[in-house]
Trainee: 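Let me begin by handing over the structure; questions about it come next.
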Protein chains: 2
Amino acid sequence: MALIEIVRPDTDESQSGAHRVFTFFRDRLLSGELKAGDRLLAERELALALGVSRPVLREALRSLAMLGLLDIQHGRGAFVRAADASVLGHALTLCLAPQPNILDDVLQARIAIECQAIRLACERASERDLQAIACILDMLALSFDEPETGGGADYAFHLAIVRASGSGALMKIYEAISPLLMRSHVERRRDTFREPAITSRLVDAHREVFLSLARRDPDQAERALREHFLIGDELRRKNLISNYQPQEMKS
Amino acid sequence: MALIEIVRPDTDESQSGAHRVFTFFRDRLLSGELKAGDRLLAERELALALGVSRPVLREALRSLAMLGLLDIQHGRGAFVRAADASVLGHALTLCLAPQPNILDDVLQARIAIECQAIRLACERASERDLQAIACILDMLALSFDEPETGGGADYAFHLAIVRASGSGALMKIYEAISPLLMRSHVERRRDTFREPAITSRLVDAHREVFLSLARRDPDQAERALREHFLIGDELRRKNLISNYQPQEMKS
DNA sequence: TGCCTTAGAGTGGTAAGACCACGGACTGAC
DNA sequence: GTCAGTCCGTGGTCTTACCACTCTAAGGCA
């Protein structure tokens, strides 16, 4: 709740006011001088203290808020917010937006993260981590014929593996790509689902991944995981073909 | 150069003005309606057209600029900028800042990206990609005893592999983590370097990675790469030990 | 005495107007 | 033809004022 101390940002000449104020706060956030939950001074006081006008200060604060670093509440004040991965996700989406085939391409990033994560998890996963994954696996097996809960369990399974890796960086990046993953998943699920042979293979694949992890065998775990992704890829291709076959060419 | 058409953003009630304008532009950017290079209307006209005051509009534009989506030039105007990975890098840095051991942890992300990238590269790399990597390898071999250029060539080698994967997502994420990688690298390089035995092993390791890639053998390429990372890790540990050994404990 | 209502103070949200600083283009002189 | 100066359009900033929201505390009522 410390109301931040003010030191006039006399460095950083050449940058315009708002940008100066922006970097001022960003640096305090990076250095840990401002922690989540801290309340900033009132805008009028801050503007005075930093030697800028209120609109300029607001431009900077608003920018920080858009980045998810600040939580500005009408009538209450501005509070430092713990940076979550949602901003990262948005930034990534914006970066990747202009590129073609993003939804497929982001799958490569997913494979990259998960394969490394499961290797780390083989070394680092705690018993609790493994139990959690086992639990999700059970849910997965039970709900594999329900699209919604089944899809959720599927995602939870993979997320739990990444979490078990104990790597914050992998976790954050995985969270960042997950909104795009979701879009890809939704697009894919439209018609891929609901053939018993497929779903049972899917559950088996997950089980094998888990077993390799439980045996703490990195190479086999990664292999099982890659196998699982290959199956998904294969299914997708089959589906594409069967989708385009009946109606010749649509545009 | 299309000066954007204006449609009053009458949806999105409940959000404050600046945020409304922000999402207004963000959505146009995502949908491709605004392309890189486009010039926005003047602030005064935009404010009038969107039905907000100029300070409010500026708060939104400034936020977009901070995100790297807009390039606002004094005296010239505001231009749409191709989203590059630098913002992503900053966002990632901010997300990861509060966590301990980030510099080591981000290495895990690097390994993840590169291992998947080299697998893809084995399938997709063009002859030009391979030539480029070979060229960098030569530079690496020649300059392995110069800290600066050697370090640069090292980075360029790995970047070239990621580029050869042909995956935009992997590339963007790799670029995003590279500033953190740099920090880690600098920290590490302080004293790791300059033992001939080490540097020659380093060059050999790179060469082996390249050869596996040129033979388009994904499994071996990944193995070689992991080996390379392991060596680095081992060196780092040795160094830590030898650093702390001579002078007992320094605080 | 206790609770509810209400008014005030403090906060962010918005608007309008004016002026400054920079960049480019046009026009004039050389 | 070239160069310099001027002018206009642009973003950059400041000031002032007012509105809307939140919380709190004082006051009235039961």
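Just so it is clear: chains get the letters A, B, ... in the order the sequence lines come, proteins before strands, and each one is counted from 1.
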Trainee: Taking the side chain as C-beta and beyond, is there a heavy-atom pair between Gln116(B) and Gln108(A) under 4.5 Å?
Mentor: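 Yes, at least one pair of side-chain atoms sits under 4.5 Å.
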Trainee: Enumerate the protein-to-nucleotides 20-24 of chain D contacts in which both atoms are nitrogen or oxygen and the separation is below 3.5 Å.
Mentor:
unit_1  : atom_1 : unit_2   : atom_2 : d
dA20(D) : N3     : His74(A) : NE2    : 2.9
dC23(D) : OP1    : Arg76(A) : NE     : 3.4

Trainee: Do Arg39(B) side-chain atoms and Arg76(B) backbone N/O form a donor-acceptor pair below 3.5 Å?
Mentor: yes
Trainee: Calculate the interatomic distance between Leu46(B) atom CG and dA15(C) atom P; express it in whole Å.
Mentor: 14 Å
Trainee: So among Val106(B), Leu107(B), Asp105(B), which one has a side chain to side chain contact (heavy atoms under 4.5 Å, CB included) with Leu180(B)?
Mentor: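 For Leu180(B), the side chain to side chain contact (heavy atoms under 4.5 Å, CB included) test succeeds with only one of Val106(B), Leu107(B), Asp105(B), which is Val106(B).
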Trainee: Which whole-number value in Å describes the distance from Asp71(A) CG to dG12(C) P?
Mentor: 12 Å
Trainee: In whole angstrom, give the distance that lies between atom CG of Leu41(A) and atom C1' of dT11(C).
Mentor: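 Answer to the nearest Å: 12 Å.
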Trainee: To the nearest Å, give me how far apart CG (Leu40(A)) and P (dG12(C)) are.
Mentor: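 Computing the Leu40(A):CG to dG12(C):P distance gives 9 Å.
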Trainee: In whole angstroms, how far is the C1' atom of dG9(D) from the CD atom of Glu45(B)?
Mentor: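 From Glu45(B) CD to dG9(D) C1': 10 Å.
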Trainee: Please state how far atom CZ in Arg39(B) lies from atom P in dG9(D), giving the value in whole angstrom units.
Mentor: 12 Å
Trainee: To the nearest Å, how far apart are Glu43(B) CD and dC19(C) P?
Mentor: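 Atom CD in Glu43(B) sits about 19 Å away from atom P in dC19(C).
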Trainee: Answer yes or no: is there a side-chain heavy-atom contact under 4.5 Å between Arg62(B) and Phe22(A)?
Mentor: no
Trainee: When you get a sec, tell me which of dT10(D), dT11(C), dG12(C) is the closest nucleotide to the side chain of Ala42(B)?
Mentor: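 My answer, after comparing the listed nucleotides, is dT10(D).
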Trainee: Taking the side chain as C-beta and beyond, is there a heavy-atom pair between Met66(B) and Val87(B) under 4.5 Å?
Mentor: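 Contact flag for Met66(B)/Val87(B) side chains = no.
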Trainee: Please state whether the base of dG10(C) and the side chain of Arg44(A) form at least one donor-acceptor pair under 3.5 Å?
Mentor: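 Flag unset: no donor-acceptor pair detected.
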Trainee: Do the non-hydrogen side-chain atoms of Leu92(B) and Ile173(A) ever get within less than 4.5 Å of each other?
Mentor: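 They are in contact (side-chain heavy atoms under 4.5 Å apart), so the answer is yes.
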Trainee: Anything under 30° is parallel, anything over 60° is perpendicular, the rest tilted; go ahead and classify His206(A) against His158(A).
Mentor: perpendicular
Trainee: Does Leu69(A) reach the side chain of Val80(A), with side-chain heavy atoms less than 4.5 Å apart?
Mentor: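 A side-chain contact under 4.5 Å is absent here.
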Trainee: Provide, to the nearest angstrom, the distance between the CZ atom belonging to Phe79(B) and the C1' atom belonging to dG23(C).
Mentor: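 Roughly 11 Å, once rounded to whole Å.
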Trainee: Residues of residues 53-66 of chain A with any non-hydrogen atom less than 4.0 angstrom from an atom of DNA chain C: list those, numerically ordered, please.
Mentor: Arg54(A), Arg58(A), Arg62(A)
Trainee: Taking Ser178(B) for the side chain and Leu181(B) for the main chain, is one N or O donor matched with an acceptor at less than 3.5 Å?
Mentor: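 No, the answer is negative, given that no donor and acceptor are paired below the 3.5 Å cut-off.
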